[in-house]
Student: 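To start, I am sharing the structure in question, which I have written as structure tokens.
Order of the sequence lines sets the chain letters (A, B, ...), proteins ahead of strands, with each chain counted from 1.
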Amino acid sequence: METPILLGLNSAQRDAVTSAATVLQVLAPPGSGKTKTLTARVAYLIAHHRLKPWNIIVCTFTRKAAREMADRVRGLVGDEVAKQLKLGTFHSIASRYLRQYGQHIGLAKDFGIADAADSRAIVKRIVKQNRFSMDPSNAHNRISAQKTKGINSTEFSRQAGRKVDLQEFLQIYREYEAILAASNLLDYDDLLLKCRDLLSKHPECVSNVEAVLIDEFQDTNNIQYELMGLFAHQRNTITIVGDPDQSIYGFRMAEIKNLVRMKQQWENTIVINLSENYRSSGAILKAAQNIIEQDPNRPAKKLQATHSLGLRPVLRKLPSANAEARWIVSEIQRLQALTGELLQLNDVAILLRSAYLSRSIETALGKTGLPYRMVGGTRFYDRVEIKLALDYLRVVDQPDNSEAVARIVNVPSRRVGEATVEGLLFEARVKARSLWSIILETVHGRYSPTTKLNEPARKGLAMFVNVIIGVRKKLKEAESRPVFSLADILMFVLKKIEFQSYLKKKFPDEYEARWTSVEELLMQASEASNPDRIQAMLEESNLPVIEGCEQRVPSTDDVLSLFLENVALTASAEHIAEESGEVKQQITISTIHAAKGLEWPIVFIPACYDGSIPHSRAEDRDEERRLLYVGMTRAQALLYLSIPLKNSQREDATLSTFLIQPGVATFFEEHGPSITFPVVQSLATTLRRIAPLADAIREHKKGLERDEDNYWPLNGEEPLEELARWDQDHSNNFVLAPVPSKPVASFAYAQITTLQQGFASTGPAPISAGFTSVRAHYDGLMAQARLQRVDRRTEECTK
DNA sequence: GCACGAGCCATTTTT
DNA sequence: TGGCTCGTGC
Ligand SMILES: Nc1ncnc2c1ncn2[C@@H]1O[C@H](COP(=O)(O)OP(=O)(O)OP(=O)(O)O)[C@@H](O)[C@H]1O
């Protein structure tokens, strides 16, 4: 039967969507429509099998993937139905179950969530207090790894026995668990673990579930795998999609083996493969294939391009990270203009191995005024001013969260220093009380701490108590009123602690920016407390009623808690900004990890050098290769890889191992393509868009400085202009030589580009004869400049 | 004991 | 960039 759900699917995809199999694996390469298939199957289960949306669980790994999935499902089944689905990251779904049924496994009802920063801070404090030598982030990673294996500190201690080298870690692990428990916090791993415990002891909580669907299954870890089975225990209806080649979360204990394990556990598992790629041009796919096939252990797979060859990807050398950034900017501008704005800023993504690499790029974009959004990296909620504001809210919500109390009790300064806080914290731990209760009793004179308190500190504590109690009172009042405004509460906090003057003092130069982000938070808070939104939030977190299974239904008293949970588990600031405002054209900067499952017409992957990708600290080189593969396969029409010959610390950088393998070079051009009219038309076809008129292009071209990628020498050296400028900038009044207005270099490059104008020609880029002479000229000038500098220095010394 | 400024450092990836 | 230590002055 023909239904709209199946429109635009190929036959293999249809088979997968309509498969009668109860346990189904769809394994397929990037861009083959896995996500599309999964969303269609959700719609199909609802429309044809009459499953109730609230009995369907759809899990993803990243928040972004969850959002993408939600958007796509909404497109198929509509708003109403979509929001009834239980869709989200594993962690957010686990958290919903724990909120409503946690009491069955003795979980306090209002647990808070310790995010990565909290966990790190806790471990750091433990290490410091005990004067341990272990690196805190390493310790935290190990704790997380143990948890994922289902080994708690007691179990670890049993296994470790008396091995000396493990004692320190064991101690950290123990204290970490104790601190979380004392503050009524669950960390990310706990959410999964506790949910597993809950569902294995009380499977009735999920007895309503009719189908479970998992995206990016190759990234499941053991606990998530078990959760999947537990969710599905009633009907055993499971659909997963995944691609072993895109497994990039090994560091988070993802287990590719889960694919096999699943087939063993459910012997009726049906596997469907998709092999046609609908995303990328043929040339991009070939290059990506070549990279992934470098892994000798990888079984051969079919991957067919549905698009034509298109433009060959680019592998560009630049002198430095800053030059690389400027080059990216100029290529974006060039493409925009020469395609007559067929390509917009939204079409461009810059994907990075590590978030910190964005700095030079952000600077360059900032200088040009090109708007961009940064995903991943220092997220909105990680900014100091935002974290501080949120910590106040967390303490107001949950004063027994000693970690948060410890962080804010002296910010802004109340003359309660580190020593005092440490002392009180220690007392609290010994007495098995929360830091808040110790402080409160002390201030009320009902308790005299052994920690010495001078008068200013005593006063400071009293002020702090006053703030928190004041806000809590206000919160209570507000909750009982019909209109509840979270923004008011937050504003009240900020006023009480004189946050503005604090920011002014702490960040005299960037006060404006900091306050703007606080305003953004206020806006989010105000939106979150809009009645419709509250309703939606409650509905979303609410699980279906199950007979004989007592549940705690969230109410308006929980708005603050839900808001905070949302921040920890699902919110992403840029999304909220998008929803509230106009959709503006902007470039996306993202980590490769966060880009998984997404696609853009143009993708840049800068910093392709050894040490960055593969990362110097990576344990699994194959995973690094897959990472590059994932990055490359995000591109639809044009892919740029690049490398600065000096990295951001100005050390020499060499091309990534993955890119120097024999034959790789043949898949790449050495510079950006010439954008001729046929190229524009071909781009339009790949992107399924309408090509602009030649006139439009001519018009845009006018504002452009150069229409070829020929400013930076292909060998990655500084161009002549830069050299001259460098000398002007750095040696007073010393000028190298008159700078030719149209440098010789660019003339020679222009020749090269004309030679290669037919795109996707095969074979490596030919080196033009003219190039050597330009090189020689350039080298001569360099040498000359160097000599003159040396002369001058000698002169200065002899003076 | 506390606040604050200068200088030094490295910097993976996510829930 | 920001996160840390160290030194200084209160
Ligand atoms: N049958 C089809 N016809 C046309 N376009 C399709 C078809 N199937 C998928 N596409 C398109 O191909 C692109 C990639 O699809 P999708 O994101 O679902 O792939 P994927 O397999 O999930 O990729 P990845 O593994 O990289 O996440 C999307 O733009 C989608 O609309």
Student: Which pairs pass side chain to side chain donor-acceptor pair (under 3.5 Å) with one or both residues in residues 610-620 of chain A, sequence neighbours excluded?
Tutor: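 Output for this query lists A:D610-A:T657.
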
Student: Would you please confirm or rule out a distance under 4.0 Å between OP1 or OP2 of B:dT15 and any side-chain N or O of A:S92?
Tutor: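 False: A:S92 side-chain N/O out of range (4.0 Å or more) of B:dT15 OP1/OP2.
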
Student: Could you check A:R252 against A:Y188 for side chain to side chain contact (heavy atoms under 4.5 Å, CB included), going step by step and ending with a plain yes or no?
Tutor: CA-CA 12 Å; A:R252 211 175 83 185; A:Y188 286 128; over 6 Å; no

Student: Find the distance A:H140:NE2 to B:dT14:P and express it as a whole number of Å.
Tutor: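 The answer, rounded to whole Å, is 14 Å.
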
Student: Just how far, in rounded Å, is P of B:dC4 from CZ of A:R414?
Tutor: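 The answer, rounded to whole Å, is 14 Å.
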
Student: Please determine if a side-chain N or O atom of A:S413 lies less than 4.0 Å away from the OP1 or OP2 oxygen of B:dA3.
Tutor: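 So the side-chain polar atoms of A:S413 do come within 4.0 Å of the phosphate oxygens OP1 or OP2 of B:dA3, strictly under.
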
Student: Taking only N and O in the side chain of A:K124, is any of them less than 4.0 Å away from OP1 or OP2 of C:dG3?
Tutor: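 A:K124 to C:dG3 OP1/OP2: no side-chain N or O under 4.0 Å.
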
Student: Nearest-nucleotide wise, let me know which of A:L569 and A:R353 is further upstream toward the 5' end of DNA chain B.
Tutor: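 Whichever sits nearer the 5' end wins; that is A:R353.
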
Student: Select base, sugar-phosphate, or nothing to describe what A:E418 touches, counting heavy atoms under 4.0 Å on all strands.
Tutor: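 Counting heavy atoms under 4.0 Å across all strands, the contact made by A:E418 is with sugar-phosphate only.
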
Student: Round to the nearest Å and state the distance from A:Q218 atom CD to B:dT13 atom C1'.
Tutor: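 So the two atoms are 15 Å apart, to the nearest Å.
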
Student: With a 4.0 Å cut-off on heavy atoms, is A:K128 in touch with a base, just the backbone sugar-phosphate, or nothing at all?
Tutor: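 Nothing, no nucleic acid heavy atom in range.
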
Student: What is the distance, rounded to the nearest whole Å, between atom CZ of A:F61 and atom C1' of B:dT13?
Tutor: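 Distance check: A:F61 CZ to B:dT13 C1' gives 15 Å.
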
Student: From A:D243 CG over to A:F217 CZ, what is the distance, rounded to the nearest 0.5 angstrom?
Tutor: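 Here the interatomic distance stands at 13.5 Å.
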
Student: Within this structure, what is the CD1-to-C1' distance between A:I143 and B:dT14, rounded to whole angstrom?
Tutor: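 To the nearest whole Å, that distance equals 17 Å.
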
Student: Does A:R63 put a side-chain nitrogen or oxygen below 4.0 Å from OP1 or OP2 of B:dT14?
Tutor: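 For B:dT14, OP1/OP2 do not have a side-chain N/O of A:R63 under 4.0 Å.
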
Student: As a test of reading the structure: which of B:dT15, B:dT14, B:dG1 is closest to the side chain of A:T420, going by heavy atoms?
Tutor: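 In terms of side-chain proximity for A:T420, the closest of B:dT15, B:dT14, B:dG1 is B:dG1.
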
Student: Measure the distance from CG on A:N454 to P on C:dC10 and round it to the nearest whole Å.
Tutor: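 Distance, rounded to whole Å: 18 Å.
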
Student: Across the strands shown, which category fits A:K506 at heavy-atom distances under 4.0 angstrom: base, sugar-phosphate, nothing?
Tutor: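 Nothing: the residue A:K506, judged by heavy atoms under 4.0 Å, touches no strand.
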
Student: Should A:N221 be listed as having a side-chain N or O under 4.0 Å from OP1 or OP2 of B:dT14?
Tutor: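 So the side-chain polar atoms of A:N221 never come under 4.0 Å of the phosphate oxygens OP1 or OP2 of B:dT14.
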
Student: Go through B:dT15, B:dT14, B:dG1 for me and flag the one nearest to the A:A419 side chain.
Tutor: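 Of B:dT15, B:dT14, B:dG1, B:dG1 is nearest to the side chain of A:A419.
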
Student: List in chain and number order the residues that pass side chain to side chain contact (heavy atoms under 4.5 Å, CB included) with A:F156, two or more places apart in sequence or in another chain; answer none if no residue qualifies.
Tutor: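 Expected list: A:Q146, A:I151, A:A160, A:L166, A:F169, A:L170, A:Y173.
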
Student: Please identify which of these residues, A:K128, A:R125, A:E427, meets the side-chain contact (heavy atoms from CB on, under 4.5 Å) condition with A:E422.
Tutor: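 Result: among A:K128, A:R125, A:E427, A:R125 is the only option passing the side-chain contact (heavy atoms from CB on, under 4.5 Å) with A:E422.
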
Student: Answer with base, sugar-phosphate or nothing: what part of the nucleic acid does A:R415 contact at a heavy-atom distance below 4.0 Å?
Tutor: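 It contacts sugar-phosphate atoms only.
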
Student: Take atom CD1 of A:I248 and atom P of B:dT15, then tell me their distance rounded to the nearest Å.
Tutor: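 In whole Å, B:dT15 P lies 11 Å from A:I248 CD1.
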
Student: Side chain of A:R514, heavy atoms from C-beta onward: which of B:dT11, B:dT15, C:dG2 has the nearest atom to it?
Tutor: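 Of the options given, the side chain of A:R514 lies nearest C:dG2.
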
Student: Contact class for A:N410 vs. all strands (heavy atom < 4.0 Å): base, sugar-phosphate, or nothing?
Tutor: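 Sugar-phosphate contact only - A:N410 comes under 4.0 Å of backbone atoms but never of a base.
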
Student: So, A:T363 side chain and A:R359 main chain: donor-acceptor pair closer than 3.5 Å or not?
Tutor: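 It does hold such a pair.
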
Student: Report yes if the ring of A:F90 lies under 5.5 Å from the six-membered base ring of B:dT15 with planes under 30°, and no otherwise.
Tutor: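 So A:F90 does not count as stacking on the base.
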
Student: Do A:E624 and A:R353 meet the salt-bridge criterion of a basic N to acidic O distance under 4.0 Å?
Tutor: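 Looking at A:R353 and A:E624, the cut-off is met.
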
Student: Measuring from the side chain of A:R359 (C-beta onward, heavy atoms only), which nucleotide among B:dT11, B:dT14, B:dG1 has the closest atom?
Tutor: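 In terms of side-chain proximity for A:R359, the closest of B:dT11, B:dT14, B:dG1 is B:dT11.
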
Student: Contact class for A:A568 vs. all strands (heavy atom < 4.0 Å): base, sugar-phosphate, or nothing?
Tutor: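 It contacts nothing in the nucleic acid.
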
Student: What is the distance from CD1 of A:I113 to C1' of B:dT15, rounded to the nearest Å?
Tutor: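 From A:I113 CD1 to B:dT15 C1': 10 Å.
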
Student: Does A:R414 qualify as a cation-pi partner of A:F464, given the criterion of NZ or CZ under 6.0 Å from the six-membered ring centre and within 45 degrees of its axis?
Tutor: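 Not satisfied by the 6.0 Å and 45° rule.
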
Student: Check whether A:F111 forms a cation-pi arrangement with A:R99 (NZ or CZ under 6.0 Å from the six-membered ring centre, at most 45° off the ring normal).
Tutor: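 Relative to the ring axis of A:F111, which defines the angle, A:R99 lies inside both limits.
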
Student: When you measure from every atom of DNA chain B, which of residues 607-617 of chain A have a heavy atom less than 4.0 Å away?
Tutor: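 Per residue number, the list reads A:H615, A:R617.
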
